[in-house]
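From a predicted model like this one, the values you see are computed outputs, not experimental measurements.
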Amino acid sequence: MTYLISAGILLAFALVAFCVIKWWNLEVVGVTPVPLFTFIAILFTSGLDVGLVMFPLAWDFPLYADTATEPAYGFTNPLALEFGFWGFLIWGFYFLTTFYFCVIEPKVKFFEIPVVKWINNIVIIGTCAFTGALFLNYLPYYATFVGDGETVIPAFYAVTFLVVLFAAFSSTDIKYVRILSLSSTGLFALLILGMWAYSGMGLGEFASTASNIGGYFANIHKFVLPLTDYHEFYLFWWFAWSIMIGQFTSRFVGGLKTWQVLVSLLVFPSIPLAVWFSVLYYYHLNEIPTTLYINISMVAVGVIFVINSFDSLIRLYTDNLNLSSRRLGRPVYVIGNAVVLFALTVAFQSQWLQIEWIGAVVIGLYVACLIYIFVNKREEVMAIEASPEENDLDFTKIETVH
């Protein structure tokens, strides 16, 4: 699997370079464009999940600090490693798929081939369920006010099902995307401010802690290929997300040039990530315990992130399969999606399914799409000079789409 993920990463970054060089100044316009801030909020909250909130303190920082057990992490500090696993360069995957589905797929229509469509939707449904499994597995660590801090008790299954149910309902109308994205971005910012204030760290201490992120940029080349099995897991996870996030976010790009889309995706999401991880790293370094209020706040933000991720992914695969709420009826649509996704969530939670398998399938889709273009659509793709004509830069479109 290491050879597979390494080959997939090198292919993806080579394609990023090709697209940026070939279509440097092409104006990228989605089907329902939105202003830049809204686009970044949609991308950030849809492109990340509950692991962002729950992984660092519960698992990642202690793991990265234990270089005696895992010497491969010894070349830099845990904050730089955490940022490298979540930020900057890795968002190039999302640029590639966002650009592809906005500009190239309308000419190629590879994902409209029946077998490809079915495989793609299986990937979306599976990754959606994996998000729920992460939330379920890490909920005990933060929701200590309910359980013992370790065991997944029946109440957590109930909470997870309600979260999935709410997300299925919100996916019935696209107007909820903007509401969820902007509100979750705002709540995330409030959580960062609250934890920063409680920690007692001043601006000087924050700057000193955040400076550790420089260890990432000084060693950025080391983050391209898998460092360890855990890093490999992260990379498969990013691949699993990449195609469906590109499909979803491509519709919201609002007239940016190709190079601006790349810079926006690399830089804007990385800023809140850097701030968030820096605050959490200060907690880790100083062994500051999280209070009941902080734990509740983190669970609440985690819930919003999960709802946001589920909402976008449910909408995507139901659109692809023509299983809209209008066709099925809202009750059948909501309950049906909730039951199927919750069942798969439990399957992932029990390790019956693995995200690495889905990431491997996505790499296969990358390769198959590239071969299909080279054999059948090479001239059409190389002749592309603009976004599809029907995609006009009208920010009011999202108000009328349901």
Can you tell me how the ring of [X] sits relative to the ring of [Y], calling it parallel under 30°, perpendicular over 60° and tilted otherwise?
| X | Y | answer |
| --- | --- | --- |
| Phe83 | Tyr216 | perpendicular |
| Phe223 | Phe85 | perpendicular |
| Trp23 | Phe99 | tilted |
| Trp237 | Trp86 | perpendicular |
| Phe110 | Tyr372 | tilted |

Can you name the side chain to side chain contact (heavy atoms under 4.5 Å, CB included) partners of [X], sequence neighbours left out?
| X | answer |
| --- | --- |
| Pro388 | Pro106, Glu390, Asn391 |
| Leu285 | Tyr281 |
| Ile192 | Phe188, Val275, Trp276, Val279 |

TODO: Report the C-alpha distance between Tyr317 and Ile314 in whole Å, list the side-chain angles of each, state the deciding distance to 0.1 Å, and finish with yes or no for side chain to side chain contact (heavy atoms under 4.5 Å, CB included).
DONE: CA-CA 6 Å; Tyr317 75 72; Ile314 292 171; 4.0 Å; yes
- [ ] Please collect all side-chain hydrogen bond (donor to acceptor under 3.5 Å, both in side chains) contacts where either partner lies in residues 73-83, sequence neighbours excluded, each pair once.
- [x]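 Checked against side-chain hydrogen bond (donor to acceptor under 3.5 Å, both in side chains) - neighbours excluded - the pairs reaching residues 73-83 are Tyr64-Glu82, Tyr73-Thr228.
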Task: Listed partners of Glu205 passing side chain to side chain donor-acceptor pair (under 3.5 Å), at least two apart - done: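 Only Tyr282 meet the side chain to side chain donor-acceptor pair (under 3.5 Å) criterion with Glu205.
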Task: side chain to side chain donor-acceptor pair (under 3.5 Å) involving Glu27 - partner list, sequence neighbours excluded - done: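 In terms of side chain to side chain donor-acceptor pair (under 3.5 Å), with neighbours along the sequence ignored, Glu27 is linked to no residue.
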Task: Heavy atoms of other groups near Tyr157 OH, more than 12 under 6.0 Å - done: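 Yes, because the 6.0 Å sphere around OH of Tyr157 holds more than 12 heavy atoms from other groups.
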- [ ] Count the heavy atoms of every other residue, nucleotide or ligand shown that sit under 6.0 Å from NZ of Lys107, and state whether that count exceeds 12.
- [x]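 Count not over threshold, so no.
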Open item on the list: Quick one about Trp241 and Tyr94 (side-chain donor to acceptor, distance below 3.5 Å, no hydrogens or angles considered), yes or no?
Closed with: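 Not at all, the side chains of Tyr94 and Trp241 share no donor-acceptor pair under 3.5 Å.
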- [ ] Return yes if a side-chain donor-acceptor contact under 3.5 Å exists between Thr98 and Thr249, otherwise no.
- [x]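 Result is yes, a qualifying pair exists.
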Using modelled atom types and a 3.5 Å cut-off, is there a donor and acceptor pairing between side-chain atoms of [X] and backbone atoms of [Y]?
| X | Y | result |
| --- | --- | --- |
| Lys22 | Met382 | yes |
| Tyr230 | Leu63 | no |
| Ser208 | Gly204 | no |
| Ser297 | Leu191 | no |

Open item on the list: Please tell me whether Trp91 and Phe95 form a close aromatic pair, meaning their ring centres lie under 6.0 Å apart.
Closed with: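 No, ring centres 6.0 Å or more apart.
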Task: Separation between CZ of Phe88 and CD1 of Ile220, rounded to the nearest 0.5 Å - done: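 Spacing of CZ (Phe88) from CD1 (Ile220) equals 5.5 Å.
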